[in-house]
Amino acid sequence: MSRQSNTSIPTATTCPYCGVGCGVLARAEGVEGDRQHPANQGRLCVKGSALHETLVPAGERGFSPKVDGRDVSWAEAIDRVASAINGAVREHGPGSVALYLSGQLLTEDYYVANKLAKGFIGTPHVDTNSRLCMSSAVAAHKRAFGEDCVPGCYEDLELADLLVLAGSNAAWAHPVLYQRMKAAQRDGRKVVVIDPRETATSELGDLHLKLRPGTDTLLFNGLLVWLHDRKALDASYLKQHCTGLENALKAARQSAPDTRAVARGCDLTVADVETFYRWFAETGRTVTAFSQGINQSIAGTDKGNAIINCHLATGRVGKPGASPFSLTGQPNAMGGREVGGLANTLAAHMEYDTPGARQLMAEFWQTDQLAGGPGLKAVDLFEAVHRGDIKVLWVMGTNPAVSLPDNARVREALARCDTVIVSDCVSATDTTAFADILLPAAGWGEKDGTVTNSERRISRQRRFLPLPAGVKPDWQIISEVGQALGYVQAFDYRKPADIFREHATLSGYRNDGARVFNIAALAQLSDVDYEQMNPVQWPVTSGETGHVQQTPRLFSEGGFPTPGGRARLVPVSTQAAGQQPGQRYPLVVNSGRIRDQWHTMTRTGLASKLFAHRDEPFIDVHPADITDAGLVEGGLAMLTGPSGQFVGRVRSTSNQRRGEVFVPIHWNGQFASSALASELIAPTVDPISGQPESKHGIAAIKPLTAEWQARLLLPKHQTVLPTPMNASFDYWSRQVLPNSTGWWLAGRHRADWTELGWQCFGREPDLLMEDGASGRYRAVWLNEDQLEAVLMVESEAGAMPGVEWLDQCFAETGQELEHRWSLLAAGSADIEPAGALVCSCFQVGENAILRAIEEGCHSVEALSNTLKCGSNCGSCLPEVQALLASAPAQEGQQTGLSA
Ligand code: SF4
């Protein structure tokens with residue numbers, strides 16, 4: 001295996017998207033799954049498979065820093081950053097400087113950023129977008145175990161005889177891990193899915209508890225009571241290794257005295273609740289995997305502890321196939337936690353109030369300027385920016401202008417801040433628009449360092465592309481700023497390996513076993529060892545033979561990092577309540593990921609194949625709510641919440657509970673006119689973790705009644721609408737197509753298309769079809785024999801033809817005369833519309849699958865053999881299964897999955 005890619009030898013690295021942390025073999029021209037990597041064993045999901053298509057192209061990134069929009073040298077940019085920090089510290093104190101980091105950063109970047117801010121600038125205000133993702137799980141771990149430790153490993157999800165998936169749509173959010181769970185299905189193994197929505201993950205469930213949102217604590221409190229009352233607790237484990245059972249039980253019993261109370265509160269049947277409780281009691285090998293549906297809540301920490309309580313009480317912690325398991329959202333959320341990337345932590349899993357920690361850190365870093373106490377967590381931090389308390393804000397590798405709740409206020413805060421510094425590999429994001437100083441940072445493929453996935457596994461992310469001239473990796477940018485601030489020795493790093501060794505040394509520094517996070521056995525790695533380092537799960541110790549030993553599981557025999565060595569069952573109440581729906585805002589809004597996009601689309605938005613699954617922002621609505629609100633399936637609707645709006649295409653689905661809608665988190669201001677899910681989310685946070693309640697907003701919905709709907713196709717390089725169009729519509733969204741850029745447009749008022757065409761293209765269309773009575777208008781502009789623009793207007797979206805064939809025409813020169821009139825029909829008789837894309841790997845659309853079912857493919861296997869759908873990453877298998885289930889039953893039909 002090579003460390004440097006050329007066209008034939010791949011480089012072993014890791015995927016930069018989700019917390020599964022898959023190993024990838026990468027070449028400049030393509031990627032494949034790494035069979036040697038323990039996390040994925042060769043599998044990749046559709047996002048991972050498209051990684052080479054999401055490398056940021058030259059036109060969408062900068063190659064020199066900018067100050068106030070002006071290209072400057074790196075020397076000048078570093079000097080400006082240092083001057084801004086120095087000035088703010090001098091005039092307003094160190095607390096006037098803040099860093100907002102990202103789970104996309106590598107551990108080495110994170111370490112240096114944390115060291116600079118907390119150790120040398122002296123500001124505690126260092127937080128990260130991981131706050132939005134798993135900080136409630138972190139807080140729950142600390143309360144229960146004494147330290148932020150995930151006790152189990154991925155293998156446990158396969159070994160479990162009962163797998164409980166709480167608040168996790170793993171099929172879409174952690175696809176490869178989901179495929180591992182699915183492949184582990186066997187006789188006698190059961191899966192319980194706990195989610196208010198039916199999702200792609202629900203198909204794995206033997207039991208789906210479609211509970212009322214926010215009632216997870218009640219469900220697990222009821223489980224603790226039920227287990228206790230039926231003498232199903234592990235008395236021996238509790239006695240030897242735990243404290244707090246009585247108080248936890250007392251609190252649980254107050255809200256969940258019996259199954260009836262739980263069923264009523266959770267809006268479930270008594271029978272379903274009892275089935276879950278009975279299975280849990282009967283199955284020693286039980287894993288409860290929990291994710292954003294638990295964490296992103298005003299009571300996320302309590303929910304996490306309600307789950308962990310049940311596992312502690314049954315002794316199911318860190319044993320093969322038996323553990324609570326937090327699924328992390330981002331590729332390096334855990335690496336960030338290791339180095340202290342959260343505002344309430346110091347470094348190396350030490351808190352500010354850990355006895356002796358501040359002194360230890362000051363000594364290790366050789367500084368007398370260490371921050372004095374915890375800093376502001378994400379939502380509070382941006383509020384401080386808004387107030388003007390933070391004068392210098394440095395954002396690295398994240399897009400808070402899209403992702404943070406109450407988005408309008410966050411944008412106001414960014415606009416008000418004296419100096420906004422943004423380091424990013426993408427030049428035009430919603431956040432870089434606010435940058436006074438913009439620093440072009442290395443992207444995936446150019447970066448070099450380590451990441452830690454959800455099972456505590458540290459892997460190398462290796463560079464396989466040359467670092468472009470004018471671009472620097474984050475650790476180097478931060479180190480140069482540190483040196484410009486005068487801390488020459490402390491930031492004298494030459495390469496990521498130097499930083500990793502220091503980080504590993506710190507983890508073991510005066511660590512007498514009180515801190516579980518310890519990788520000191522890696523502190524002596526040579527540069528070559530670091531380059532060749534294999535994935536390893538912390539804590540890492542030195543074996544007798546000198547070999548490093550990793551730790552797949554923790555705490556099966558107790559030994560918790562608490563003062564008494566015992567884990568704590570935590571009393572959790574069910575009282576917490578966020579915004580409640582009412583007359584004005586009658587709907588509950590849930591937000592989350594979709595299968596083929598990642599975060600705010602800055603990278604996955606570059607790949608046409610990742611748009612084919614969902615090409616527009618959408619709103620999932622229950623059919624009865626569609627009727628009540630006068631909506632039309634496939635029409636546009638506007639959600640209005642207390643602090644913002646969201647416009648999307650209505651999808652009718654009984655997967656939603658009545659009174660609840662779902663919106664995707666991905667679309668941003670570069671891709672849609674008004675589709676920021678975060679605008680519907682209040683900045684309400686969990687009081688312990690500070691994590692926002694992103695799974696719960698409130699809103700009213702109404703149709704966006706459009707006089708016309710249009711599709712506009714322009715050449716691929718044109719990613720911005722012609723300016724004259726901007727004033728003419730009430731909705732737009734952009735889709736990247738293989739050969740062109742496409743927009744959906746809609747307007748409430750009649751538009752003068754002839755005039756608009758003139759303004760945009762400077763002449764009449766070359767081909768035109770107009771029917772005033774039906775509202776149809778189609779126009780084509782050609783540049784000699786090359787397609788320049790296609791505009792199709794209809795009175796309703798349902799009448800709009802597909803654009804697959806038109807898109808192909810953008811790749812062709814020499815538009816034949818007889819073929820030109822087909823452009824107005826938007827199709828050739830030879831091409832059948834694909835319908836919504838189901839299988840991204842083999843580009844198989846819904847229509848092809850439905851036709852194959854009609855023609856006799858009555859199982860997933862048969863469809864896979866005929867069309868190849870589902871035979872690669874498997875991410876689409878739940879949707880293939882759903883199409884089979886929805887098709888009219890045929891004699892002998894089977895829909896079972898074997899993949
Ligand atoms: Fe990347 Fe997909 Fe693996 Fe997540 S599951 S790390 S997105 S390949």
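Bear in mind that the values here come from a model prediction, so they are computed numbers and not experimental data. Numbering of ligands and ligand atoms starts at 1, following listing order.
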Parallel, tilted or perpendicular: rings of F517 and W538 (30°, 60°): perpendicular
Parallel, tilted or perpendicular for F671 and F611, by the 30°/60° rule? tilted
So the ring-ring contact (aromatic ring centres under 6.0 Å, His included) pairs with at least one residue in residues 19-52 (sequence neighbours excluded) are none
Is there a side chain to side chain donor-acceptor pair (under 3.5 Å) between H141 and S326? Walk through the geometry before answering. CA-CA 9 Å; H141 290 153; S326 155; 4.8 Å; no
For atom 4 (Fe) of ligand 1, state how many protein N, O or S atoms fall inside a distance shorter than 2.8 Å. 1
Would you call the rings of F464 and W444 parallel, tilted or perpendicular, where under 30° means parallel and over 60° means perpendicular? perpendicular
Do you see a donor-acceptor pair shorter than 3.5 Å between the side chains of Y110 and T128? yes
With a 4.0 Å cut-off on heavy atoms, is L44 in contact with ligand 1? yes
